[in-house]
Amino acid sequence: MPHPAEIIVDRLTKTYGKFLAVDNISFTVESGSIVGFLGPNGAGKTTTIRMLTCYLPPTGGQAKVAGFDVFHQSLQVRQNIGYLPESTPLYPEMRVQEYLSYRGRLRGMDHRRLRERIPQVLEMCWLSDRTRWLVGKLSKGYRQRLGIADALLHNPPVLVLDEPTVGLDPAQIRETRKLIANLAGQHTVLLSTHILSEVELICQRVIIIGRGKILAQGTPAELKRQSAGRGGAEAGLLVEVRGPAGQVRSALDGLPGVEQARIVSDGPVCVLQVVGKLDGSLQEQIAATILQRGWALRELRAAGGTLEEFFVQITDPGAVAA
Ligand code: ATP
């Protein structure tokens with residue numbers, strides 16, 4: 001009987017010299033599910049993925065993919081896993097079909113299997129109209145589809161996709177998302193992404209990692225509830241302003257009733273979280289202060305209850321310095 005296509009990670013650890021990049025993490029990705037793997041920059045996502053795909057040996061712990069140990073059975077793991085790296089190494093001078101055929105031969109697929117499988121992945125990834133195109137002439141979205149087609153070529157039960165929609169335009173993002181959602185059931189998918197709406201739309205479960213440790217895991221609904229649970233006075237208000245984040249923070253921090261104002265995101269439009277006595281007059285004071293300073297108030301609402309807020313709360317529990 002074939003092994004269930006699970007990913008089981010047990011106390012996996014990776015150090016680079018003295019630096020602990022992945023710290024004793026454990027999680028399971030159930031057969032046929034799509035699980036989001038999230039974390040801020042430098043959290044340890046790529047390091048974990050590279051261990052699961054046998055590109056990097058773990059320093060400690062173990063991981064199994066479709067029943068095979070990533071350290072001792074790397075050949076079997078590679079046969080059972082399809083990997084879309086963050087930047088797909090494609091050969092610009094090859095044609096799409098030729099590229100897939102080359103990649104399949106590298107994996108030991110014979111001619112008959114390739115003849116059967118290449119048209120299938122081309123169709124699944126909406127590439128059938130590009131078979132004779134030079135890879136170098138493909139748009140970024142098509143190149144990403146080719147990367148996914150390549151990962152799917154040997155029909156692996158498990159897929160690991162690292163930032164599959166990065167750099168795509170909104171229409172391409174929607175198509176790629178649809179493609180990934182269609183893989184559920186037939187494949188087990190670990191999806192690393194920074195896009196939280198993507199996770200809500202297609203992932204059954206979410207694992208959040210930060211500084212090498214698992215910070216939270218659960219369904220998107222469970223995590224959102226946890227965010228709301230941290231809500232009320234503690235989560236405070238979210239204020240979206242077109243104005244200089246540091247100055248907005250100082251202005252709001254000085255208001256009576258404000259315990260703390262912190263910057264959640266910076267840019268021409270910034271978002272701040274304001275914690276304090278939420279008795280209604282605070283909202284009025286915040287709005288008045290922002291308007292008096294000549295900044296544009298884009299939104300003012302109660303914090304808590306979204307995946308994005310939960311992510312911010314647990315990956316950056318301290319204040320973002322102004
Ligand atoms: P991002 O979202 O930015 O890609 P990530 O979650 O994938 O981040 P990793 O690339 O796994 O994070 O890196 C985790 C930590 O390990 C980072 O602090 C990084 O600087 C460090 N790191 C990664 N590769 C190496 C290496 N080869 N040598 C030393 N340190 C490394």
Side-chain angles (χ1 to χ4, degrees), residues 36 38-43 45 165-166 169-170 173 193-203 206-211 213-322:
L38 310 180
N41 293 122
K45 300 180 297 291
T165 54
V166 77
D169 71 33
I173 289 176
T193 175
H194 281 109
I195 306 172
L196 293 157
S197 56
E198 189 155 288
V199 170
E200 289 202 64
L201 286 170
I202 58 177
C203 296
V206 184
I207 296 163
I208 301 180
I209 179 172
R211 294 205 185 96
K213 288 187 191 303
I214 303 274
L215 301 177
Q217 45 183 319
T219 65
E222 281 165 1
L223 300 187
K224 279 180 357 191
R225 272 200 298 276
Q226 284 189 44
S227 170
R230 292 166 175 236
E234 200 187 316
L237 297 165
L238 280 182
V239 189
E240 195 176 319
V241 183
R242 181 176 288 284
Q247 288 180 37
V248 177
R249 194 186 71 88
S250 309
L252 300 185
D253 229 1
L255 291 176
V258 170
E259 282 165 28
Q260 189 200 30
R262 72 180 190 98
I263 299 165
V264 173
S265 72
D266 202 347
V269 173
C270 58
V271 178
L272 287 94
Q273 186 176 20
V274 179
V275 178
K277 259 211 224 106
L278 300 186
D279 59 4
S281 70
L282 187 61
Q283 281 93 320
E284 288 168 22
Q285 282 183 56
I286 290 172
T289 305
I290 288 168
L291 297 178
Q292 271 161 19
R293 300 293 185 101
W295 302 317
L297 178 61
R298 304 263 300 233
E299 197 174 353
L300 179 56
R301 65 189 157 89
T306 70
L307 203 52
E308 186 179 353
E309 282 153 24
F310 182 70
F311 182 84
V312 170
Q313 284 163 8
I314 66 161
T315 57
D316 180 23
V320 178

Practice task
Could you pull out the closest heavy-atom pair between Thr315 and Pro40, with the gap in Å?
Solution key: CG2-CD, 3.7 Å
Problem - Nearest non-hydrogen partners of Leu300 and Gln283, listed with the distance - result: CD2-O, 3.6 Å
Fill in the blank from the handout: Between the CG atom in Asp266 and the CG atom in Leu272, the distance rounded to the nearest 0.5 Å is 8.5 Å
Fill in the blank from the handout: Ala261 and Leu252 have their tightest heavy-atom pair at CB-CB, 4.1 Å
Exercise for the section: Evaluate the side-chain proximity of Leu223 to Ile208: yes if any heavy-atom separation is below 4.5 Å, no if none is. Expected result: yes
Completion exercise
The reported gap from CG in Leu307 to CG in Leu196 (rounded to nearest 0.5 angstrom) is 5.0 Å
Fill in the blank from the handout: With sequence neighbours left out, the residues meeting side-chain contact (heavy atoms from CB on, under 4.5 Å) with Arg242 are Pro268, Val269, Ala296, Arg298
Exercise for the section: Applying side-chain contact (heavy atoms from CB on, under 4.5 Å) between Gln285 and each of Ile290, Leu255, Val258, report the one that passes. Expected result: Leu255
Problem - With sequence neighbours excluded, residues passing side-chain hydrogen bond (donor to acceptor under 3.5 Å, both in side chains) with Thr289 - result: none
Fill in the blank from the handout: Paired with Gln273, the side-chain contact (heavy atoms from CB on, under 4.5 Å) test is passed by just one of Val239, Leu237, Leu238, namely Leu238
Fill in the blank from the handout: Glu198 and Thr193 have their tightest heavy-atom pair at OE2-OG1, 3.1 Å
Practice task
Taking salt bridge (charged side-chain N to carboxylate O under 4.0 Å, His left out) as the test, write out the residues that go with Glu308, two or more places apart.
Solution key: none
Exercise for the section: Report the residues that fulfil side-chain contact (heavy atoms from CB on, under 4.5 Å) with Ser265, sequence neighbours left out, ordered by chain and then residue number. Expected result: Val271
Problem - Heavy-atom pair of closest approach, residues Cys203 and Pro220 - result: O-CG, 3.6 Å
Exercise for the section: Work out which heavy atom in Leu38 is nearest to a heavy atom in Lys45; give both atom names and the distance. Expected result: C-CD, 3.8 Å
Problem - Partners meeting side-chain hydrogen bond (donor to acceptor under 3.5 Å, both in side chains) with Glu299 (sequence neighbours left out) - result: Arg301
Practice task
Measure the CD-CG distance between Glu259 and Leu282 for me, rounded to the nearest 0.5 Å.
Solution key: 10.0 Å
Exercise for the section: Go through the structure and list residues passing salt bridge (charged side-chain N to carboxylate O under 4.0 Å, His left out) with Asp169, not counting sequence neighbours. Expected result: none
